[in-house]
Amino acid sequence: MDRSINGGGITPESELHTKRTGHTEFTDKTLEAVKPISLEVPKGDVDMEEADGASSSNQSEEMVVPEVDQKLLEELEGMGFPKAKATRALHFSGNVSLEAAVNWAVEHEDDTDIEEMPKVPVNRKTVAPSLSPEEVKIKAQELRERARKKKEEEDKRMEREREKERIRVSKELLEAKRIEEENERKRLLAFRKAEKEEERRAREKIRQKLEEDKAERRRKLGLPPVDPDSAKPSTPVVEEKKSSLPVRPATKADQMRDYLRSLKQNHKDDEAKVKTAFNTLLTYVKNAAVNPNEEKFRKIRLTNATFQARVGALKGGIEFLELCGFEKVEGGEFLFLPRDKVDMAVLSSAGTELNSAINNPFFGVL
């Protein structure tokens with residue numbers, strides 16, 4: 001049966017094809033020639049290999065410092081740029097002008113390799129400068145002129161700032177001086193007023209003493225007393241009433257004056273000691289008034305030998321300081337003026353009374 005099928009032109013392949021697809025036509029292509037496999041490399045691949053080879057050769061190519069315009073390089077070095085930095089700036093700015101190189105250097109100031117000499121392959125061409133030497137000089141001159149003008153403007157701005165500061169400080173000093181002069185004027189007026197009042201009291205007491213001496217001499221000579229009607233009118237004398245209790249002055253200033261007068265009268269034979277005591281008291285008062293926050297100017301050791309010789313041993317000295325606000329502390333070893341008891345008015349009055357006692361020749365005469 002196989003032969004009849006083959007002999008009639010029906011092959012197993014065509015029969016199988018008919019069963020699977022339903023078509024009776026079948027073409028056997030298994031005997032067609034198979035195309036040979038080419039072992040040659042395509043041209044495109046060859047080009048890629050050549051490119052890779054060229055790239056590898058470029059990578060191994062020698063690196064050198066690029067050529068730059070030597071005149072521009074000298075100009076940059078003359079302006080203070082290091083050679084490596086100047087070469088890098090010229091190369092990467094196109095090697096065209098001094099201004100372009102300076103601008104590039106300023107813009108890339110923070111680059112980590114700014115101070116390193118640039119390198120390029122040996123066969124790389126450098127860019128020729130497009131400016132002539134004359135143009136380069138003109139550009140350099142323009143840059144110098146621009147830098148000079150910028151420096152002048154900065155100097156003028158700084159001078160204006162300094163002038164403003166000088167004016168401000170001068171105004172503050174003038175204001176402080178004005179306040180100081182005003183305070184000094186007030187202090188001087190108060191001092192002169194107190195001085196005149198002290199002189200008036202001293203003259204009145206002297207006049208009273210003279211009148212009493214005159215009356216005593218007339219009594220001793222057996223002459224009648226002066227007729228009150230014929231006597232020149234004068235300011236009535238207020239008779240002081242004697243009392244077993246001392247009459248204390250009404251104000252602190254009066255009390256201070258009384259202590260200072262008592263101190264002078266008790267030591268009238270030693271005028272230098274009295275003056276030293278007054279000056280020492282004035283120093284203590286001034287220190288406390290000028291430096292109220294400094295404890296050392298508000299504390300006095302009573303056992304100090306200098307203090308005792310100048311003030312402590314003289315009656316009225318310690319009492320005067322107590323009127324100024326000083327208090328005995330630590331078992332009476334120190335005189336201390338508490339910060340919360342610093343009274344500028346009291347200290348000012350003390351200073352006025354002391355100045356009057358020092359400069360008024362009539363102070364404490366009687």
Side-chain angles (χ1 to χ4, degrees), residues 186-285 307-324 345-366:
K186 291 179 180 179
R187 188 196 66 79
L188 186 59
L189 289 175
F191 168 72
R192 287 178 178 175
K193 183 178 179 181
E195 188 178 43
K196 288 180 180 180
E197 180 65 20
E198 184 66 25
E199 289 179 0
R200 187 191 64 77
R201 289 196 298 266
R203 288 194 183 99
E204 181 62 26
K205 287 187 178 181
I206 291 173
R207 189 192 64 77
Q208 293 178 16
K209 182 65 174 175
L210 291 175
E211 291 291 336
E212 292 174 359
D213 291 345
K214 184 178 179 180
E216 181 66 20
R217 284 196 300 271
R218 292 180 68 87
R219 186 184 63 77
K220 288 181 179 180
L221 293 173
L223 298 173
V226 179
D227 187 359
D229 296 332
S230 63
K232 185 178 179 181
S234 61
T235 304
V237 179
V238 179
E239 183 179 357
E240 296 181 359
K241 295 182 179 181
K242 295 184 179 180
S243 174
S244 58
L245 295 176
V247 178
R248 297 184 64 81
T251 65
K252 276 196 174 183
D254 291 334
Q255 295 178 45
M256 292 176 182
R257 191 180 308 114
D258 188 61
Y259 279 129
L260 294 177
R261 186 183 293 111
S262 174
L263 190 152
K264 185 171 184 178
Q265 290 178 350
N266 289 334
H267 302 85
K268 58 185 178 181
D269 296 333
D270 195 344
E271 190 173 335
K273 179 181 287 188
V274 172
K275 191 172 183 178
T276 299
F278 287 168
N279 283 316
T280 303
L281 289 170
L282 183 60
T283 300
Y284 288 137
V285 171
F307 173 79
Q308 281 295 323
R310 294 183 177 182
V311 176
L314 281 68
K315 184 178 179 181
I318 294 178
E319 291 81 359
F320 181 87
L321 290 173
E322 288 177 335
L323 280 176
C324 294
V346 172
L347 294 177
S348 178
S349 297
T352 301
E353 295 300 330
L354 284 166
N355 277 311
S356 177
I358 293 170
N359 298 299
N360 185 0
F362 297 101
F363 184 82
V365 172
L366 295 176

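In this chain, numbering begins with 1 at the start of the sequence shown.
- A distance of 4.0 Å separates CZ in Arg257 from CD in Glu353, rounded to the nearest 0.5 Å.
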Side chain to side chain contact (heavy atoms under 4.5 Å, CB included) between Leu281 and Val311, intermediate numbers included
CA-CA 8 Å; Leu281 289 170; Val311 176; 3.8 Å; yes
Run the salt bridge (charged side-chain N to carboxylate O under 4.0 Å, His left out) check on Arg200 and Glu204 step by step: do they pass?
CA-CA 6 Å; Arg200 187 191 64 77; Glu204 181 62 26; 5.8 Å; no
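- The shortest distance between side-chain heavy atoms of Met256 and Val346 falls below 4.5 Å.
- Formation of a donor-acceptor pair under 3.5 Å by the Thr280 side chain with backbone atoms of Thr276 is found in this model.
- Of the options Lys205, Arg261, Arg203, a salt bridge (charged side-chain N to carboxylate O under 4.0 Å, His left out) to Glu198 is made by Arg261 and by none of the others.
- Electrostatic pairing of Glu271 and Lys264 does not count as a salt bridge here, judged by no charged N lying under 4.0 Å from a carboxylate O.
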Which atom pairs, donor and acceptor, lie under 3.5 Å between side-chain atoms of residues 186-194 and protein residues at least two apart or in another chain?
from	atom 1	to	atom 2	distance (Å)
Arg187	NE	Glu184	OE1	3.4
Arg187	NH2	Glu184	OE2	2.7

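- The two residues Phe278 and Ala357 make their nearest non-hydrogen contact at CE1-CB, 3.7 Å.
- In this structure, the separation between CG on Leu314 and CD on Gln308 is 10.0 Å, given to the nearest 0.5 Å.
- Glu195 and Asn360 make their closest contact through O-ND2, 3.9 Å (heavy atoms, listed as atom of the first residue, atom of the second, distance).
- Leu354 places a side-chain heavy atom less than 4.5 Å from the side chain of Phe320.
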Would you sort out whether Thr283 and Asn279 count as a side-chain hydrogen bond (donor to acceptor under 3.5 Å, both in side chains), showing the intermediate values?
CA-CA 6 Å; Thr283 300; Asn279 283 316; over 6 Å; no
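- Between the side chain of Ser262 and the backbone N or O of Asp258 there is no donor-acceptor pair closer than 3.5 Å.
- A salt bridge does not link Glu211 with Lys214: none of the charged nitrogens is closer than 4.0 Å to a carboxylate oxygen.
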Assess the residue pair Asp254 and Thr251 against the criterion (side-chain hydrogen bond (donor to acceptor under 3.5 Å, both in side chains)); give the C-alpha distance rounded to whole Å, side-chain angles, the decisive distance to 0.1 Å, and a yes or no.
CA-CA 5 Å; Asp254 291 334; Thr251 65; 3.0 Å; yes
Criterion salt bridge (charged side-chain N to carboxylate O under 4.0 Å, His left out) on Glu199 and Lys196, from CA distance to verdict:
CA-CA 5 Å; Glu199 289 179 0; Lys196 288 180 180 180; over 6 Å; no
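- Under 4.0 Å is where a charged nitrogen must lie from a carboxylate oxygen, and between Glu216 and Arg219 at least one such pair does.
- Residues Leu263 and Val274 are in side-chain contact: their nearest non-hydrogen atoms beyond the backbone lie under 4.5 Å apart.
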